[in-house]
Amino acid sequence: MTGLYRKILPSLFPSLLLGAAAIGLGATPVRAEGPGNGEVTAVSLAPSAGKAEVVIAVRGAVDVRDFVLASPDRLVLDVVGAKLSDAAPAVYDGVKRGGVLNLRYSQFRPDVVRIVIDLDSAKAYEVVRQGASIKITFGADQGFQAWSSVEAHAELAATPVVSPSLARARAVSAGREEPRITVTWDRATIADVVAGFAAFSGRTIIIGKDVKGEVTAEVKNQPWPTAFQAILASQGLSAQEMSGGIIRVDAPGVLSALDSLEPLETSIVRINYAHAVSLEKTVESILTKGRGRVVADTGSNSLIITDTRTRVANVADFVRGLDIRTPQLSIQAKIIFVDRTDIEQLGIKYDLGDRNQFFNKLVQRRNPADGNPFDRNVNVVNLGGNSVAAVGNADASITGSALDLIYSTSIGGFSLTTFLSALETSQLADIQAEPVISTLDNRQADILVGQETPVRVIDASSGTGAGGAARANVTFKETGIRLTVTPHVTNNRQILMKLHTERSAIQILAETDLGYVFAKQKADNQLLVNDGETAVIGGLTVTEVNKTRSGIPLLSGLPIVGKLFSFSKEEESRRDLIILVTPRITDDGMSTE
């Protein structure tokens, strides 16, 4: 025999549960004394010289039978012909003592009190009847503090009563799961199956008077509520928990009819963090159909809930579960924009002429007749002799040159004038913006630091202005630093963000042009980062190199000396953009009032 087994059983003969009824049904009772109007008055667990003793105090003549269950390991003792005393029903405190994980007892049948001992492993045990007590003894590795239902009952009387729903909520919050059950039924009545679940769980389960049926099923290591619901569903039945923790089992139509006769109650639930209107539809979906209703009061931000007496408290608890404090976040973005431009320009102009022939374009000459300068568009040509005049790179120019040099020399009867212009420019713009914004979870936040620029838009085809002039409209264009974010805090405290970051600036065009240029850098994306982690959400580097050269043919193309006969311009621009974001959870919403 595996699992729990008896070691010594004086004056008692073992009986085993072999199969085919509900939990514990079918075991053969062992008679110690003739059954009578007995009573179980107390249950205790105490250490004794390397052993643990479960002592059941009884009064009157009773019969005793015991059997074992596995997965998990349990020892079950039925006291036949006995009632459970009012002083006995105290709940075991859940402390592990001598290998005992839990100790449950209840009025299994009108004349049977059942004690169920949950053990951490299979153990050898003995059951002994001594006068007014029944002792169950098994080995224990170490000592422990004794427990008694009498003392626990006294403590319970001085403790505020906790509702079953709240007790279950505390059990779930403490990480405890419902006990698991392994059992087999072979054509057992539904009444016996329900009674077995009641004994196993320690709950009060009431079955309807017209409920009938037979159950043939095998359950292996499943939580008892799951197995209970599955068995009821196979029989077309349903279970409903009433106030106080009593469970009703009947056909769904019968339960609905009972609900329709139950009085209605109204409860007001004050909403602290959410908007009452936003919860109205959700709460309405769980109310009793045809009877329950909910109204949102915007003035006090409350929900007025009306439902049956057994459901209104559960609905109120459901609403409080939805009304949780929303986490708050702070998002810091950093936009780094570097614009670097380098320009190098070099050019040489030439003017060659004499007194009788020249181009009056670079060197302005005077009319010998009146002494006034010739007009720049006047060219003097010597028609009566041999003469030469030349101009090199006459129209090339460097705007805002940093160096201008003139060199003149005479070559025979000719004069040669050389003009040299040079410019080197370096521009650097380093712009760093760090917008910070705080918002709630799943709420969009937007921040803009900048200005609005008026832009005139002329409709040339309108002609409706004064004197038939075209009509002009003025619009405003926003520029500056903008951060738009919608964050979400995940269950593992990561932050999912939908981001829009933008930096824009206005650039005025030259006077000969109309309008503006709006330089803009922006990024739109989604990313998942840890709390306090900095992530790069965008990066861009643009490099532009422009080289221009114009000059005297052939001469400007000569190596080394070619620059003496040309104008050259080299322009290199480099723009770097980096956008960083750092989210932080400033209030996780877990603290309570």
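Since we're looking at a predicted model, the values are computed, not measured.
Judged by distance alone, with hydrogens and angles left aside, the side-chain atoms of Thr41 form no donor-acceptor pair with the main-chain N or O of Ser85 at under 3.5 Å. Of the possible polar contacts, none joining the Arg248 side chain to the Gly208 backbone as a donor-acceptor pair under 3.5 Å is found. In this structure, Thr484 contributes its side chain and Asp446 its backbone to no donor-acceptor pair below 3.5 Å. In this structure a side-chain-to-backbone donor-acceptor pair under 3.5 Å is missing from Asp441 to Thr326. With hydrogens and angles disregarded, a donor-acceptor distance shorter than 3.5 Å links the side chain of Lys83 to the backbone of Pro110. Side chain of Asn301 to backbone of Ile271: a donor-acceptor contact under 3.5 angstrom is found. Without hydrogens or angle criteria, Asp297 side chain to Ser302 main chain gives no donor-acceptor distance under 3.5 Å. Remark: side-chain polar atoms of Arg114 are not paired, donor with acceptor, to backbone N or O of Val76 under 3.5 angstrom. Judged by distance alone, with hydrogens and angles left aside, the side-chain atoms of Asn530 form no donor-acceptor pair with the main-chain N or O of Glu533 at under 3.5 Å.
Salt-bridge check for Glu53 with Lys51: failed, with every basic side-chain N at 4.0 Å or more from each acidic carboxylate O. Look at Asp317 and Arg320 and you find a salt bridge, because one of the NZ, NE, NH1 or NH2 atoms lies within 4.0 Å of a carboxylate O, short of that distance. Salt-bridge annotation for Arg104 and Asp118: present, with a side-chain N of the basic residue lying under 4.0 Å from a carboxylate O of the acidic one. In summary, Lys522 and Glu502 do not engage in a salt bridge, as defined by a charged side-chain N under 4.0 Å from a carboxylate O.
Asp531 and Arg584 make their closest contact through OD1-CA, 3.2 Å (heavy atoms, listed as atom of the first residue, atom of the second, distance). For the residue pair Gly236 and Pro252, the shortest heavy atom distance occurs at O-CD, 3.5 Å. Across Val113 and Ala82, no two heavy atoms sit closer than the pair CG2-O, 3.6 Å. What you find for Ser330 and Val436 is that their closest heavy atoms are OG-CG1, 3.7 Å. The minimum heavy-atom distance linking Ala124 with Phe138 is given by the pair O-CB, 3.2 Å. For Gln107 against Arg109, the heavy-atom pair with the smallest separation is NE2-O, 2.8 Å.
Side chain to side chain, Thr288 and Asp307 meet the donor-acceptor criterion of an N or O pair below 3.5 Å. For the residue pair Thr582/Thr534, the side-chain donor-acceptor check at 3.5 Å is satisfied. In this structure, a donor-acceptor pair under 3.5 Å is absent between the side chains of Asn221 and Thr182.
Atom CZ of Arg74 and atom CD1 of Ile115 lie 15.5 Å apart (nearest 0.5 Å). Distance NZ/Lys135 to OG/Ser44: 9.0 Å, rounded to 0.5 Å. Note: Lys123 NZ to Thr137 OG1 = 13.0 Å, rounded to the nearest 0.5 Å. Remark: Leu232 CG to Asp250 CG distance equals 10.5 Å, nearest 0.5 Å. Taken from CD in Gln240 to CZ in Arg311, the straight-line distance is 7.5 Å, to the nearest 0.5 Å. For the atom pair Ile205 CD1 and Phe228 CZ, the distance stands at 4.0 Å (nearest 0.5 Å).
No side-chain heavy atom of Pro435 sits under 4.5 Å from any side-chain heavy atom of Val449. Annotation: side chain of Val193 is not in contact with side chain of Val183 (no heavy-atom distance under 4.5 Å).
Among Leu103, Leu45, Val54, the single residue meeting the side chain to side chain contact (heavy atoms under 4.5 Å, CB included) criterion with Arg97 is Leu45.
Considering only residues two or more places apart in sequence or on other chains, Glu265 meets the salt bridge (Lys or Arg N to Asp or Glu O under 4.0 Å) condition with Arg309.
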